[in-house]
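A short worksheet on the structure shown next.
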Amino acid sequence: MPRRSRRAHRPDARDRQRLMSYQALTERMAGISDVLGAISLLTWDARTQMPPGGAITRGRQIATLTEVAREHLVAIETRRLLDKADAETAGLKPDTIERQSIANIRAALAFHDRVPLDLLRRRANLSSDAHAAWLEARRDADFAAFAPWLERMVDLTRELADAIGGGGTRYDALLDLYEPGMTWPTLQPLMAELRAGLLPLLGDIRNAKAPRSDFLRGHFPVARQREMVRQLAQILGYDLTRGRIDDVIHPFEVAMARDDVRITARYDESWLVPGLVAALHETGHALYEQAVDPALQRGAMTCDLRTLYLVGGPSFGMHEGQSRLFENHVGKSRAFWQAHFGVVQALFPEALAGIDADTFWRGFCAVTPSPIHFGSDEVSHDLHIMVRVDLEHQMIDGDMKVADLPEAWNARMKVDLGIVVPNARDGVLQDVHWPTGQFGTFSNYTIGSMTAAQIFAHAETLPGVSDGLGRGDNAPLLKVLSQGLYRHGRRFSRAEAIARFTGQPDSVQPYLAYLDRKYRNLYAL
């Protein structure tokens with residue numbers, strides 16, 4: 001008789017009862033997830049509630065818990081269960097959750113086997129101390145005071161890159177850590193193509209009549225801004241029964257679990273834009289996390305097991321893509337403000353007296369290059385990112401000394417954006433990334449912008465989405481994104497997720513087309 005082929009299939013309830021080692025492995029991952037959730041909670045508290053004097057101790061607490069999570073992951077018991085689960089699930093298709101989880105865990109073990117625990121411990125401790133030093137240096141606009149800390153962080157980051165390896169440059173190893181598969185030779189052409197499209201557009205805009213935006217500066221009480229952020233976040237779809245919103249200097253989103261996803265906002269009583277941007281941007285991050293399939297919670301598909309971080313998106317660029325999508329494609333659309341301008345107008349009737357929805361939209365979208373990355377307009381945003389990416393690449397690969405960083409930064413800002421940087425606070429000290437060792441993550445902002453444009457362009461073609469957005473209803477868009485992307489967690493890479501959703505490979509062209517169409521229309525170019 002002919003031999004029957006072994007059919008690969010998704011296991012049913014009876015099959016799952018037989019996958020005892022896989023179930024035990026899943027429970028072990030749930031324990032790691034819980035520890036990572038506790039780290040996220042401590043991190044959130046450190047940035048929102050903790051008294052300044054607790055910074056060093058808190059850093060040590062986070063380092064200890066990170067070590068606990070890592071040791072649980074690399075333990076002999078994890079490896080034993082992994083090998084048994086691998087054998088149990090060998091007949092399943094590669095794209096089943098079981099096989100994907102096993103591959104994710106195995107890749108993480110290989111990573112941690114290469115990276116010494118002592119190195120991670122030293123980086124964690126330095127991150128806490130350097131962050132505290134950066135806050136003081138930033139306050140005083142004193143780069144020289146922070147430079148020794150940055151030199152130590154660069155040295156340790158190079159040591160980390162050497163340990164990670166991978167066959168490319170040190171910077172390649174760091175890029176891959178946050179955007180798996182990305183390398184400097186891959187990233188450079190994307191950035192060059194984008195830069196070639198942005199500079200002429202920015203030049204044309206500078207020569208055009210700018211829309212009125214003076215009304216965005218005035219008197220905007222923080223208490224009312226908080227209410228504005230709450231209402232806008234809920235309009236976008238943020239579930240406050242599974243989240244909360246707090247004040248912070250540098251806005252962020254963090255998930256303790258799928259059902260505890262928190263966002264933060266920064267406020268300026270004399271300028272409405274920071275609060276608006278935080279509401280739209282951080283809500284985009286949160287919508288992603290809140291829409292992950294509950295079945296994936298506390299598992300290998302909702303944890304970055306290499307960086308030991310609780311997150312549902314497969315890469316920083318993919319996650320940033322969703323925040324950029326809701327900030328720009330939704331929150332900076334004319335239709336959105338035609339439908340929801342009344343929310344902001346009712347909260348600030350004096351400051352916005354005589355301003356209509358269209359004027360507000362045009363002012364909010366106005367291209368106004370500034371030294372500050374946070375809250376920058378869509379056209380100049382990625383030029384900010386390119387400055388940072390190029391400079392950190394030079395630092396990590398040894399082509400630039402830390403002492404030369406301010407001069408190089410200021411020169412690039414002058415050439416790319418036509419801006420004279422007034423001081424180190426508004427220049428090289430403005431970002432938290434380098435003090436905390438996040439080299440290789442800046443490119444994710446631009447990768448996110450490209451990802452957002454490509455995903456949104458396809459989403460608009462799906463039934464109900466354009467009609468909904470046209471009347472200010474975000475629900476149809478959120479539904480297709482949740483079903484087509486968010487629910488999968490980390491099951492598919494960013495490139496795979498884009499291809500599955502849009503049917504097209506990764507491309508910068510939808511982003512350039514979007515910017516060109518929107519801003520040439522807005523500025524009547």
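Just so you know, residue 1 is the first one in the sequence shown, and it goes up from there. From a predicted model like this one, the values you see are computed outputs, not experimental measurements.
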Q. Can you tell me if Thr302 and Gln297 form a side-chain donor-acceptor pair at under 3.5 Å?
A. no
Q. Going by atom types alone, do Glu320 and His285 pair a side-chain donor with an acceptor below 3.5 Å?
A. yes
Q.
Under a 3.5 Å threshold, yes or no: a donor from one side chain and an acceptor from the other, between Gln483 and Arg487?
A. no
**Q.** Donor-acceptor side-chain pairing of Glu289 and His319 below 3.5 angstrom
**A.** yes
Q: Please work out which of the three classes, parallel, tilted or perpendicular, describes the rings of Phe439 and Trp434, given edges at 30° and 60°.
A: parallel
Q. If we ignore angles and hydrogens, is there a donor and acceptor under 3.5 Å between the side chains of His384 and Ser376?
A. no
Q) Any donor-acceptor pair under 3.5 Å linking the side chain of Trp149 with the backbone of Trp134? A) no
Q. Quick one: does Thr96's side chain have a donor or acceptor within less than 3.5 Å of a partner on Leu92's backbone?
A. no
Q. When you measure from the side chain of His381 to the backbone N and O of His373, does any donor-acceptor pair fall under 3.5 Å?
A. no
Q) Between the main-chain N or O of Ala452 and the side-chain N or O of Tyr514, is there a donor-acceptor pair closer than 3.5 Å? A) no
Q) Are more than 12 heavy atoms from other residues, nucleotides or ligands located less than 6.0 Å from atom CG of Leu240? A) yes
Q: Assess whether atom CD1 of Ile56 is packed by more than 12 heavy atoms of other residues, nucleotides or ligands within 6.0 Å.
A: no
Q. What do you reckon, are the aromatic ring centroids of His281 and Phe326 less than 6.0 Å apart?
A. no
(Q) So which atom in Met400 and which in Ala408 form the shortest heavy-atom distance, rounded to 0.1 Å? (A) CE-CB, 3.5 Å
(Q) Apply salt bridge (charged side-chain N to carboxylate O under 4.0 Å, His left out) to residues Arg152 and Asp155 and explain how you reach the verdict. (A) CA-CA 5 Å; Arg152 290 174 60 190; Asp155 288 342; over 6 Å; no
Q: Answer yes if the side chains of Arg388 and Gln430 hold a donor-acceptor pair under 3.5 Å, and no otherwise.
A: yes
(Q) Side chains of Thr436 and Gln438: any donor to acceptor distance under 3.5 Å? (A) yes
Q) Do Glu67 and Arg121 pass the salt bridge (charged side-chain N to carboxylate O under 4.0 Å, His left out) test, and can you show the C-alpha distance, the side-chain angles, and the key distance before you say yes or no? A) CA-CA 8 Å; Glu67 184 174 333; Arg121 185 183 294 122; 2.9 Å; yes
Q | Donor-acceptor pair between Thr157 and Arg123 side chains, under 3.5 angstrom | A | yes
Q) What is the minimum heavy-atom distance between Ala453 and Tyr511, and which atoms define it? A) CB-CA, 3.4 Å
**Q.** Whether Thr78 side chain and Val74 backbone form a donor-acceptor pair below 3.5 Å
**A.** no
Q) Closest approach of Val480 and Leu462, non-hydrogen atoms and distance? A) CB-CD1, 4.0 Å
Q. When you check the side-chain N and O atoms of Thr446 and Ser443, is any donor under 3.5 Å from an acceptor?
A. no
Q: Could you please spell out the steps behind the side-chain contact (heavy atoms from CB on, under 4.5 Å) verdict for Asp176 and Met182?
A: CA-CA 5 Å; Asp176 184 76; Met182 184 62 69; over 6 Å; no
Q: Evaluate the side-chain contact (heavy atoms from CB on, under 4.5 Å) criterion for residues Val35 and Ile32: first the C-alpha distance (whole Å), next the side-chain angles of each, then the deciding distance (0.1 Å), finally the verdict.
A: CA-CA 5 Å; Val35 175; Ile32 294 172; 5.8 Å; no
Q. Got a salt bridge between Asp95 and Arg99, using NZ or NE/NH1/NH2 to carboxylate O under 4.0 Å?
A. no
Q) Run the salt bridge (charged side-chain N to carboxylate O under 4.0 Å, His left out) check on Asp247 and Arg266 step by step: do they pass? A) CA-CA 6 Å; Asp247 299 1; Arg266 167 194 170 199; over 6 Å; no
Q. So, Arg298 and Glu27, do they make that salt bridge, N to O below 4.0 Å?
A. no
Q: Indicate the atoms forming the closest heavy-atom contact of Tyr445 with Arg324, along with that distance.
A: O-CG, 4.5 Å
Q) If you measure from CZ on Phe111 to CD1 on Ile164, what distance do you get to the nearest 0.5 Å? A) 4.0 Å
Q.
Go through it in stages, so that I can follow the logic: the residues are Phe456 and Leu469, the test is side-chain contact (heavy atoms from CB on, under 4.5 Å), and I'd like the CA-CA distance, side-chain angles, deciding distance and then a yes or no.
A. CA-CA 11 Å; Phe456 187 79; Leu469 292 172; 3.6 Å; yes
Q) Checking side-chain contact (heavy atoms from CB on, under 4.5 Å) for the pair Leu310/Ser33: CA distance, chi angles, key distance, verdict? A) CA-CA 7 Å; Leu310 194 70; Ser33 176; 3.3 Å; yes
Q: Give a yes or no on whether a salt bridge exists between Asp162 and Arg114, defined as a side-chain N under 4.0 angstrom from a carboxylate O.
A: no
Q. Is the distance between the ring centroids of His131 and Phe146 less than 6.0 Å?
A. no
Q. So, are Asp86 and Arg106 salt-bridged, with charged N and O less than 4.0 Å apart?
A. yes
Q | CD1/Ile249: more than 12 non-hydrogen atoms of other groups inside 6.0 Å | A | no
Q) What are the two closest non-hydrogen atoms of Gly484 and His488, and how far apart are they? A) O-CD2, 3.6 Å
Q) When the ring planes of Trp184 and Tyr171 are compared, do they come out parallel, tilted or perpendicular, using 30° and 60° as the limits? A) perpendicular
Q | Value rounded to 0.5 Å, distance of CG in Leu485 from CE in Met318 | A | 4.5 Å
Q) Are a donor atom and an acceptor atom from the side chains of Gln290 and Asp239 found within less than 3.5 Å of each other? A) no
Q: Output yes when a side-chain donor or acceptor of Gln322 lies under 3.5 Å from a complementary backbone atom of Gly284, and no otherwise.
A: no
Q: Without swapping roles, check the side chain of Asp304 against the backbone of Tyr309 for a donor-acceptor pair under 3.5 Å.
A: no
Q | Heavy-atom donor-acceptor pair, Asp34 side chain to Gly31 backbone, under 3.5 Å | A | no
Q) In Å, rounded to the nearest 0.5 Å, how long is the span from CE of Met29 to NE2 of His72? A) 7.0 Å
Q. Thinking salt bridges, do Asp397 and Arg158 make one under a 4.0 Å N-O criterion?
A. no
(Q) Any carboxylate oxygen within less than 4.0 angstrom of a Lys/Arg side-chain nitrogen, looking at Asp260 and Arg242? (A) no
Q. Are the side chain of Thr264 and the backbone N or O of Phe252 linked by a donor-acceptor pair below 3.5 Å?
A. yes
Q: Provide the closest heavy-atom pair for Gly197 versus Leu512 in the form atom of the first, atom of the second, distance.
A: CA-CD2, 3.9 Å
**Q.** 4.5 Å side-chain heavy-atom contact, Glu159 and Arg122
**A.** yes
Q. Rounded to the nearest 0.5 Å, how far does CZ of Arg79 lie from CG of Leu109?
A. 5.0 Å
Q | Ionic contact status for Asp246 with Arg47, cut-off 4.0 Å | A | no
Q. Does a side chain donor of either Glu193 or Gln509 reach within less than 3.5 Å of an acceptor in the other side chain?
A. yes
Q.
Using a strict threshold of under 4.0 Å (side-chain N to carboxylate O), is an ion pair present between Glu253 and Arg262?
A. no
Q.
Please report the interatomic distance OG1(Thr451) to CG(Leu325), rounded to the nearest 0.5 Å.
A. 10.0 Å
(Q) Keeping Ser466 on the side-chain end and Glu460 on the backbone end, is there a donor-acceptor pair under 3.5 Å? (A) yes
Q.
As a quick check of understanding, evaluate salt bridge (charged side-chain N to carboxylate O under 4.0 Å, His left out) for Arg491 and Glu496, giving each step before the final call.
A. CA-CA 9 Å; Arg491 291 187 61 191; Glu496 288 172 333; over 6 Å; no
